[in-house]
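Chain identifiers are assigned alphabetically (A, B, ...) following the order of the sequence lines, protein sequences preceding nucleic acid strands; residue numbering begins at 1 within each chain.
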Amino acid sequence: MSAVGTAGLIRVEARRFRARAAVRWLALLAVVAALVVVTTVFVSARPPSERAIADAEQQYAFAQEDWAENGEQYVEDCRDGEALERETNPDADWGCDDMEPRPELYLPVQPTLADSGPAWLSGATTFLMLLAFAAGVTSVTAEIGSGSLGTWLTFVPRRGRVYASKVAVAALGVLPPTALALALTVGGSWAAATVNDAVGELTTAWWADLGWQALRALAAAAVLGAVGAALGFLARSAAGALGIGIGWLLLVDGVLTGFLPQLTPWTVRASLTAWLDDGYLYWVQVPCGPVDGVPQVGICSAERTVSMLHGGVLLAVVATVLVALGALVFRRRDVD
Amino acid sequence: MTELPPAGTTAVSTRGLRKTYRHRGRQVVAVGGLDLDVPLGGVHGFLGPNGAGKTTTIRMLLGLIRPDSGVVRVLDRPVPQELPEVVGRVGAIVESPKFFPAFSGRRNLELLAAAIGTPPARVDRVLADVGLADRASSPFRTYSLGMKQRLAIASTLLKDPDLVIFDEPTNGLDPAGIHEVRQTMRGLAAAGKTVLVSSHILAEVEQVADTVSIVTQGRLVASGRVADLLAAAGAGEARVGVERPDEAAVLLAARGWAVRPDGAGGLLVGGAAPADITRALADAGLYLHELAPGRADLEQVFLALTGTGAQGTAAAHQGRPAPHGRRARA
Ligand SMILES: Nc1ncnc2c1ncn2[C@@H]1O[C@H](COP(=O)(O)OP(=O)(O)OP(=O)(O)O)[C@@H](O)[C@H]1O
Ligand SMILES: [Mg+2]
């Protein structure tokens with residue numbers, strides 16, 4: 001009999017991970033999430049119905065009639081208003097020369113896959129992240145709860161290896177179902193758009209964006225799986241670990257951004273979104289800046305971004321700290 | 001704290017082993033300076049009343065919990081420092097068998113076997129050994145207590161261990177199950193392995209153990225060969241029913257035997273073989289109508305040492321219902 005090394009232990013843990021019913025259910029949920037996104041894409045890519053087109057044509061006809069009758073008056077009113085505003089704001093431009101109704105403003109548009117960009121993917125990724133976290137948590141807490149971790153340790157007493165193998169498998173194990181769900185989302189959406197003849201021109205840049213987004217989602221899923229496992233070791237119960245994870249996102253992050261929006265970049269939620277969606281926009285209240293050298297009083301909203309890189313680094317730091325903390329605690333802790 | 005015995009003589013040795021728990025701000029001493037020696041080979045009973053610290057001690061032997069202080073040596077290796085080197089030679093069942101409830105017995109064993117590099121073929125062999133082959137594919141949670149216990153025994157056999165530790169292995173088993181577990185323990189001992197079995201029920205261990213250690217409140221109160229412990233507690237008293245007890249008492253006392261009334265018209269005679277008592281009384285023309293040979297059992301030693309139930313040796317000897325009931329059966 002020879003003890004197996006860490007790599008061998010990872011293989012055994014992977015077998016356990018795959019065989020878990022909870023993990024299979026979570027994988028199924030990932031597929032369901034993908035199908036939901038595909039359905040949404042399909043519905044929104046439907047060509048406009050005859051009825052919608054007829055309605056739009058009627059609206060356009062009304063507008064044209066109205067324009068023929070009152071158009072000149074509208075333009076005049078517009079110019080007057082613009083002139084009035086220019087007394088305080090010389091740059092005011094009401095666009096009075098371009099008021100004639102045009103058909104494209106009335107006819108329903110059919111959004112194409114190419115226009116929508118890869119953003120639709122993030123509809124699925126947020127949910128996939130939650131599933132990855134839950135899979136990491138349950139892979140550890142189910143063993144602690146059943147007491148079989150104690151039995152395991154009487155076979156594999158090196159706690160460091162046991163911990164490393166379980167965290168590694170939680171990280172790696174969520175990759176196949178996440179990748180499958182992402183592939184289904186992309187493939188399914190493409191098929192849905194093709195069926196509706198609403199693909200548009202998919203450029204190399206479009207595919208590259210999509211590819212990077214999918215890769216970032218996979219990396220984040222692995223990190224969340226590992227964090228879930230670490231929190232499982234720390235909290236020792238699924239309810240506890242999920243409570244800490246989700247409670248943090250909702251309460252700590254929520255309260256922080258609510259009361260001190262300028263701290264948004266330091267929240268896990270904003271960082272995760274920024275990482276997944278290539279940046280995260282938020283608004284802060286700032287004193288209004290001077291306009292043309294004239295100081296203004298009052299508070300203005302200003303747009304800020306959490307960059308993708310910032311989000312990624314913050315996530316990596318948080319994950320490293322949690323995984324290290326879990327290792328320290330588990331090495332010394334009594335196991336029932 | 002005494003020295004550890006020389007290497008190669010004990011399977012398990014502890015010195016000054018101590019573990020306290022903090023529970024709601026109160027300190028609970030689970031094990032308070034235990035010096036335990038489990039000789040190499042044979043079955044060693046680890047006895048003590050509920051809460052004596054048996055399970056806590058076993059957990060420390062296996063590195064599941066960390067002692068506050070003290071030293072532990074298992075198969076001549078310091079634990080927990082060199083636990084990884086010995087754990088492959090130690091099979092253990094701590095408290096109730098704990099496996100993954102949704103996995104079948106076979107899958108549970110397959111994972112354990114893979115973790116220690118045991119060939120998968122051995123899994124079916126040990127399952128057959130414990131008579132679980134036909135239920136090996138059912139989920140562990142559907143097993144009866146006896147089947148869970150068998151699976152746990154099967155898991156210890158995966159390692160082909162030199163030391164097997166059973167913590168209250170017969171808890172909740174039926175008589176046939178208890179008998180089987182005893183057979184298993186004797187079989188392991190006969191194969192040259194050391195078996196450490198904990199129990200709070202004396203009768204259970206008395207029949208299989210070669211040596212015992214008795215603990216109470218986390219400390220060792222007695223240890224040694226079962227026969228020696230019994231001898232130290234006295235050979236026991238024979239109960240004698242005879243025609244004229246007063247006359248008989250004088251006569252037997254004159255032979256140098258300890259004699260006292262049993263409180264029910266009979267006599268309790270210590271230090272004499274039943275045959276000698278019969279002959280002495282018959283020679284004097286006194287005829288017996290009852291002679292129950294004395295048999296000190298571990299139960300008495302145990303009760304006296306651990307002070308469970310009635311206090312002290314005297315109580316144990318003065319016709320407490322339990323020991324008497326056992327003696328009548330003997
Ligand atoms: N995790 C724990 N937290 C707090 N106290 C504990 C813990 N585990 C054990 N104890 C206490 O330590 C003491 C010894 O417990 P232990 O389980 O070792 O006894 P035992 O000899 O195995 O008893 P039994 O025969 O009932 O199994 C008891 O007083 C128990 O309450
Ligand atoms: Mg116990």
Which bit of [X] comes within less than 4.5 Å of chain A, counting heavy atoms only: side chain, backbone, both or neither?
X: B:R141; answer: neither
X: B:F103; answer: side chain
X: B:S155; answer: both
X: B:A114; answer: both

query: Is there side-chain contact between A:F155 and B:V87, with heavy atoms separated by less than 4.5 Å?
result: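 Side chain of A:F155 against side chain of B:V87, heavy atoms only: no contact under 4.5 Å found.
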field: Working for side-chain contact (heavy atoms from CB on, under 4.5 Å), residues B:E110 and A:R15
entry: CA-CA 10 Å; B:E110 279 169 353; A:R15 271 171 75 186; 3.7 Å; yes
task: Check whether any side-chain N or O of A:T151 sits under 3.5 Å from a backbone N or O of B:K98 as a donor-acceptor pair, and report yes or no.
output: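 Checking the backbone N and O of B:K98 against the side chain of A:T151, a donor-acceptor pair under 3.5 Å is found.
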Taking [atom1] in [X] as the centre, count heavy atoms belonging to other residues, nucleotides or ligands within less than 6.0 Å. Is the count above 12?
X: B:R219; atom1: CZ; answer: no
X: B:E82; atom1: CD; answer: yes
X: A:R333; atom1: CZ; answer: yes

task: To the nearest 0.5 angstrom, please state how far the CH2 atom of A:W152 sits from the CZ atom of B:F99.
output: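 Between A:W152 CH2 and B:F99 CZ, I get 11.5 Å after rounding to 0.5 Å.
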field: Residue pair A:T154, B:L64: steps toward the side-chain contact (heavy atoms from CB on, under 4.5 Å) verdict
entry: CA-CA 8 Å; A:T154 65; B:L64 292 177; 4.2 Å; yes
- request: State which residue, out of B:R59, B:R66, B:K19, fulfils the salt bridge (charged side-chain N to carboxylate O under 4.0 Å, His left out) condition with A:D334.
  value: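 Answer to the salt bridge (charged side-chain N to carboxylate O under 4.0 Å, His left out) test with A:D334 among B:R59, B:R66, B:K19: B:K19.
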task: Under 4.5 Å, counting heavy-atom pairs only, tell me which of B:T55, B:V94, B:L62, B:L83 racks up the most with chain A.
output: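 Most pairs with chain A among the choices: B:L83.
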Presence of salt bridge, B:E85 and A:R158, under 4.0 angstrom: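 Counted as a salt bridge, because a side-chain N and a carboxylate O are separated by less than 4.0 Å.
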query: Where is the tightest heavy-atom contact between A:P157 and B:P84, given as atom of each residue plus distance?
result: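 Looking at all heavy atoms of both residues, the closest pair is CG-CA, 3.7 Å.
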Side chain / backbone / both / neither for A:A19 at chain B, heavy atoms under 4.5 Å: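 For A:A19, heavy atoms of backbone and side chain both lie under 4.5 Å from chain B.
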